Amino acid sequence: MDDHTVEPPHVWRDRLPSKYRDSGPRIVRAPLKEMTFIGGKFAPKMGAPGDDGPLADWWVYEELHRPLTRLDTAVGYDRDEVKLEAITYEQMRPGSFSVPDRLADMDVNHVQSALCFPTFPRFCGQTFTEAADRELGLLGVRAYNDWMVEEWCGPEARGRLIPLIIIPLWDAELAAAEVRRNAARGVRAVCFSEIPPNLGLPSIHTDDWDPLLAACDETGTVVAMHIGSSSRMPSTSADAPPAVGSTITFANCCFSMVDWLMSGKFERFPNLKVMYAEGQIGWIPYILERADVVWEENRGWGGVADKVLRPPSELFAEHVYGCFFDDAFGLRNLDAIGVGNVLYETDYPHSDSTWPKSREVGEAQMGHLAPDVVDRIVRGNAIELLGLTADGLWAGAPGA
């Protein structure tokens, strides 16, 4: 349950009011002056027309200049060819941004349905939260969601692409309204930050998010958190190479899950479900064991006795889902995680993606499991969690 869409250039150009066409998100082709990704921080610099440097397509929005990169769309390239470089749409695999081409690539990979996280808005829409113009930011959020539902997951997708919306994170009431607006047209998943304080937002230990969580609880909308959705990838030092962060990408999911289990939110919102995209699952058993020990032995002074009324492992079983694409260790310890709490993903079109061999990877790592267990991991759990049809398609799709 974790793929990605690279938004085509027209998303905001076609959907924002005309007065915002020149100030909303737009694509500009310009040279790359410099780009680094050190210590978990991505830092590109756009050159001026006529400057030296490779041409790239850049999203421009207020003070933000963000190039398309090979890491956004690496499938089809040899691993050693995938480097930190800026690219144009013509240098992408078309399935990154074109619905027919995406479906064709899903067919090659034996994938029936896919839930796709954003690229330009970033993994929980924080691009619009960081913008100065809140009115334009809200319009940008709504425009993205309309494109996601009506076009990316529209008639051409035939129910195989499952909508995932973003919200105005700066206002929980507005966020709740956006959840309800989209739930009315069949959307069952919303992006959220794994660690909101890293974005300058309240933590989930406060009551600030309760309007949003109530809306998700009432509508059956799943809170989907992707690694990096706090705009800070795990790292150890300012000069650590990207390989360090890539090895420990699960760490923010780990911290986040403990936050949720110790927050009391699952007690207050009994229908709430959360999922972690691209976080893998092998780390989960120990965290549940440790959380249960802390709850049993230390809850009195630990500040959770009055709000976490059951062992965290029980709350996990009812409310939390982990997503993986390559985790043989986690699958060998599935009994300690829960067959009903894991989902298989492909991470198309990112550099970690198992495309076009996701089926082979899955068969190799799940060969020791019973067929009914495999079916739950690759299909059944997602169908139940997202309210899909029995065929694994989006139930709110046109003609469904």
Side-chain angles (χ1 to χ4, degrees), residues 40 124 172 192-210 212-214 216-217 222-236 244-245 247-324 327 329-343 381 385:
C124 66
F192 192 65
S193 174
E194 58 202 354
I195 307 177
N198 284 354
L199 302 178
L201 299 169
S203 81
I204 61 163
H205 299 290
T206 70
D207 294 335
D208 297 73
W209 295 110
D210 285 4
L212 170 65
L213 301 184
C216 293
D217 180 81
V222 179
V223 177
M225 294 169 282
H226 194 285
I227 59 166
S229 57
S230 55
S231 294
R232 189 182 302 172
M233 292 297 289
S235 191
T236 56
V244 172
T247 302
I248 57 175
T249 51
F250 71 91
N252 282 352
C253 296
C254 174
F255 300 158
S256 174
M257 191 179 81
V258 176
D259 254 351
W260 281 92
L261 293 176
M262 298 298 187
S263 70
K265 298 304 183 185
F266 296 139
E267 306 280 2
R268 296 186 61 190
F269 303 103
N271 298 315
L272 191 63
K273 310 286 186 183
V274 305
M275 60 169 274
Y276 288 98
E278 209 172 319
Q280 312 302 338
I281 59 174
W283 52 273
I284 292 175
Y286 173 71
I287 294 300
L288 294 180
E289 177 183 284
R290 177 60 185 165
D292 278 357
V293 169
V294 169
W295 180 83
E296 184 67 38
E297 303 293 338
N298 303 328
R299 63 180 180 266
W301 64 263
V304 298
D306 60 339
K307 61 183 178 180
V308 182
L309 307 181
R310 291 187 291 154
S313 60
E314 290 186 15
L315 298 173
F316 171 88
E318 295 177 9
H319 298 275
V320 184
Y321 295 77
C323 304
F324 74 98
D327 192 339
F329 180 83
L331 288 166
R332 290 196 301 270
N333 293 276
L334 190 59
D335 288 346
I337 302 169
V339 171
N341 296 85
V342 296
L343 306 168
N381 291 339
L385 177 64

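In this text, all values refer to a predicted model and were calculated from it rather than measured experimentally.
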[Y] and [X], any side-chain heavy atoms less than 4.5 Å apart:
X	Y	value
P312	L288	no
D210	R268	yes
F192	I204	yes
S231	N198	no
E267	R310	yes
F324	L331	yes
C124	L199	yes
I287	F316	no

Report the distance from atom [atom1] of [X] to atom [atom2] of [Y], rounding to the nearest 0.5 Å.
X	Y	atom1	atom2	value
L315	L272	CG	CG	11.5 Å
N271	C216	CG	SG	11.5 Å
C253	I284	SG	CD1	8.5 Å

Between [X] and [Y] (side chain of the first, backbone of the second, donor and acceptor by atom type, cut-off under 3.5 Å), is there such a pair?
X	Y	answer
D327	Q280	no
S230	I195	no
W209	P202	yes

Would you say CG of D306 has more than 12 non-hydrogen atoms from neighbouring residues, nucleotides or ligands within 6.0 angstrom? yes
Mutual orientation of the aromatic rings belonging to Y276 and W283 [parallel < 30°, tilted 30-60°, perpendicular > 60°]: perpendicular
Can you classify the ring geometry of W260 versus F266 as parallel (below 30°), tilted (30 to 60°) or perpendicular (above 60°)? parallel
Using every non-hydrogen atom in the two residues, find where [X] and [Y] come nearest and quote the distance to one decimal.
X	Y	result
V244	T236	CG1-OG1, 3.8 Å
E278	H226	OE1-NE2, 2.9 Å
M275	C323	CE-SG, 3.5 Å
I337	N341	O-OD1, 4.0 Å
R232	N252	O-ND2, 2.8 Å

Stepwise, does the side-chain contact (heavy atoms from CB on, under 4.5 Å) test hold for D259 with S203? CA-CA 9 Å; D259 254 351; S203 81; 5.5 Å; no
Walk me through it: do E296 and V293 pass the test side-chain contact (heavy atoms from CB on, under 4.5 Å)? CA-CA 5 Å; E296 184 67 38; V293 169; 5.8 Å; no
For the pair K265 and D217, find out whether any cationic side-chain nitrogen is under 4.0 Å from an anionic carboxylate oxygen. no
What verdict does the side-chain contact (heavy atoms from CB on, under 4.5 Å) test give for M257 and M225, after you've listed the backbone C-alpha separation in whole Å, the side-chain angles of each residue and the deciding distance to 0.1 Å? CA-CA 10 Å; M257 191 179 81; M225 294 169 282; over 6 Å; no
Would R299 and V308 count as a side-chain contact (heavy atoms from CB on, under 4.5 Å) here? Give the steps. CA-CA 9 Å; R299 63 180 180 266; V308 182; over 6 Å; no
